[in-house]
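Quick notes on the structure that follows.
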Amino acid sequence: MLSLCKRRGFIYPAYEIYGGIAGLYDYGPLGTALKANIADLWRRIYALQEGFVEIDGDNVGPEAIFKASGHVDNFADLSVTCKQCGESYRADHLAKGLHPNPDSLSIEELQKVLRDNNVKCPCGGEFADVEEFNLMFKTKIGPGNGRTGYLRPETAQSIFVNYTNLYRHCREKLPFGCIQVGRGFRNEISPRQGVIRLREFNMMEAELFVDPEDKSWPRYNDVKDKVVKLVPNTDEKEVEMTIGQAVEDGIIGNQTLGYFIWVTYDFLTSAGIDPAKLRFRQHLRTEMAHYAADCWDAETLISFGWTEIVGIADRGCWDLSQHMKFSKADLTAFKRFDEPKDVERDAIKPKFGALGPRFKGAAGDIKKQLEAMDASAVHDDLVTVTVDGQPVDLDSTYYEVVRVKEKVNGVRVIPHVIEPSHGLDRILYSCLEHAYSEKEDGYITLKLKPAVAPIKVGVFPLMAKDGMEVVAQALDKALREEGVATYYDDSGSIGRRYARMDEAGTPWCVTIDYDTLEKGDVTIRDRDTSEQLRMSADDVVPWIKDQLKRKLSC
RNA sequence: GCAGGUGUAAUCUAGCGGUCAGGAUUUUAGCCUUCCAAGCUAAACACUCGGGUUCGAAUCCCGACACCUGCACCA
């Protein structure tokens with residue numbers, strides 16, 4: 001498989017002439033086209049069918065956003081490995097009790113603490129040196145001691161930090177969605193398995209911002225009878241059931257998750273993933289990220305076993321809350337009531353006659369604080385406000401409780417995020433494996449779906465003489481003018497040319513023969529059946545275009 | 001990162017201390033050829049890298065890098 005990838009120009013190991021680097025691969029000419037076609041198919045579904053907007057964020061970002069997202073802390077552990085049994089331990093955990101505050105120590109200090117106390121592995125073996133396991137690539141932004149920056153480990157954060165802009169762009173209504181195709185970077189400790197675990201990888205992520213109290217989805221009814229293979233975390237057994245049934249039984253958390261499980265199924269199978277080798281596995285409670293309410297992975301069966309290629313997570317309000325906390329920006333949505341409500345409440349009204357003389361300039365701020373409260377904040381006649389960072393208790397000389405009638409038009413909520421996140425490299429590789437077909441005599445055909453195939457049509461004159469090559473070149477040009485990727489070939493025997501196109505995954509080959517010169521018709525050969533269709537040369541362009549058309553499923 | 005294995009052209013491989021590193025596939029040019037890797041003629045392309053041992057290293061030794069298999073790691 002990997003030899004075909006290299007031979008035919010799908011995937012090359014990166015920097016090969018310098019010895020190569022593990023976890024980095026380059027896409028060759030066909031691989032690049034295949035990747036672009038898969039991404040394009042994905043956009044057709046998410047942008048055209050679902051109507052989501054798309055952005056393109058930066059790869060490098062300041063430390064603050066990865067502090068907020070949790071990646072700085074979760075991705076950077078100091079650890080040691082036992083030389084004897086190979087077990088790894090968090091170095092700061094081993095230093096507990098030997099130092100008052102082990103997680104504040106640098107690598108060298110921690111090393112010294114462990115050495116001085118002769119800390120050994122439970123198996124009795126010696127530990128190797130303390131190492132930093134930081135899965136993010138660190139860099140400096142700007143010259144000199146510029147700000148610390150990181151290459152993003154996932155693309156999602158670019159969408160979250162743009163939430164306010166996107167919320168306005170999408171006319172301040174929930175639900176809305178934003179997609180992004182881009183790169184993520186993780187300095188994996190030991191990448192293996194070819195393009196399955198990469199240090200630099202391509203992701204296609206969608207972030208859907210939904211009402212926390214209403215996770216229904218407008219077109220849910222269109223998909224609720226669709227059947228998918230699920231592996232729920234309750235008994236970890238494969239079951240086939242409809243989306244509707246799974247949502248009703250509470251196996252899938254909500255309608256939106258269910259809807260996008262189907263959208264994912266539809267996308268993956270359209271891209272060429274074999275439905276028989278595709279399932280959706282629910283994360284175990286222990287496996288789930290701390291913020292996730294529910295999470296389903298699309299897994300395909302490839303030579304490395306069942307492999308996660310898409311994760312569909314209900315991330316709750318975690319991301320936006322974190323960024324609100326760290327950035328102080330307001331990342332909420334305004335939920336307008338159908339009818340404005342008249343609400344009566346006991347409000348706290350400041351008495352400026354007393355506040356002003358005592359607090360001077362701070363009185364304005366206190367007013368704001370008091371207005372944000374209501375009578376329930378009063379305990380024993382006292383209400384607590386913050387002045388210059390210090391809590392101050394105010395008695396009723398400074399305020400009065402009054403009954404007010406207010407018209408409330410809605411409430412502000414932090415939207416919940418549902419995230420279908422796709423590993424583009426893994427999807428591409430799965431498509432290649434599922435398309436790969438080898439006959440007993442070693443004849444290889446890549447049965448890529450026409451939609452994603454790098455080359456759509458091979459154009460051949462039966463022989464490069466008697467004017468056949470002229471007609472073929474004209475047809476080739478006509479196809480390219482319509483945006484169809486072609487490959488013109490007049491070398492060697494016709495069989496060799498077919499074989500070449502079969503290995504490249506080209507779905508159709510058009511051949512110009514002597515009959516074409518007389519009657520104007522050509523043959524179109526189908527890659528998978530090698531059957532030939534005869535049609536007028538003029539019909540080729542519309543026929544191919546019709547074959548490539550994709551209907552929206554919802 | 002640890003342990004073991006492997007590294008010869010674009011691909012698959014022969015050679016395992018001693019002529020110019022051999023073959024097959026592929027690719028290119030030409031001839032031939034009326035639809036599925038046909039044939040003929042020519043050509044292009046390799047010992048992963050760096051040290052060492054030796055009169056002489058693709059071959060033996062050491063190190064680096066990459067790949068494979070386990071272990072560990074994998075928001």
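Chain A is the first sequence line, chain B the second, and so forth, proteins listed ahead of strands; every chain is numbered from 1. Side chains included, hydrogens not; waters and symmetry mates left out as well; all remaining heavy atoms used.
Among C67(B), U11(B), A75(B), the nucleotide with an atom closest to any side-chain atom of Arg186(A) is A75(B). Set against G1(B), U33(B), A37(B), the side chain of Met463(A) has U33(B) as its closest nucleotide. Closest to the side chain of Arg496(A), from the set C67(B), C35(B), U26(B), is U26(B).
Counting non-hydrogen atoms under 4.0 angstrom, Arg497(A) reaches nothing in the nucleic acid. Residue Gln532(A) is in base contact, counting any heavy-atom pair closer than 4.0 Å across all strands shown. Using a 4.0 Å heavy-atom criterion, one finds that Ser3(A) contacts the sugar-phosphate atoms exclusively. Here Phe460(A) lies out of heavy-atom contact (under 4.0 Å) with every strand. Among the heavy atoms of the strands, none lies under 4.0 Å from Glu308(A). Base contact: Thr523(A) has a heavy atom under 4.0 Å from a base atom.
In this structure a side-chain-to-backbone donor-acceptor pair under 3.5 Å is missing from Asp58(A) to Val60(A). Counting only distance, with no hydrogens or angles, the side chain of Glu205(A) and the backbone of Thr155(A) share a donor-acceptor pair below 3.5 Å.
The separation of G5(B) from A9(B), taken at their P atoms, amounts to 22 Å, rounded to a whole angstrom. Annotation: C40(B) and C65(B) have their P atoms spaced 47 Å apart (nearest Å). The same atom, P, is picked in A14(B) and in U48(B); the two are 14 Å apart, to the nearest Å.
With a 6.0 Å radius and a threshold of 12 heavy atoms from other residues, nucleotides or ligands, Tyr488(A) has its OH atom above the threshold.
Phosphate contact (OP1/OP2 of U26(B), side-chain N/O of Arg8(A), threshold under 4.0 Å): absent. Between Arg500(A) and U27(B) there is a side-chain polar atom (N or O) within less than 4.0 angstrom of OP1 or OP2.
Note: His422(A) and Phe267(A) meet the aromatic proximity criterion, with ring centroids under 6.0 Å apart.
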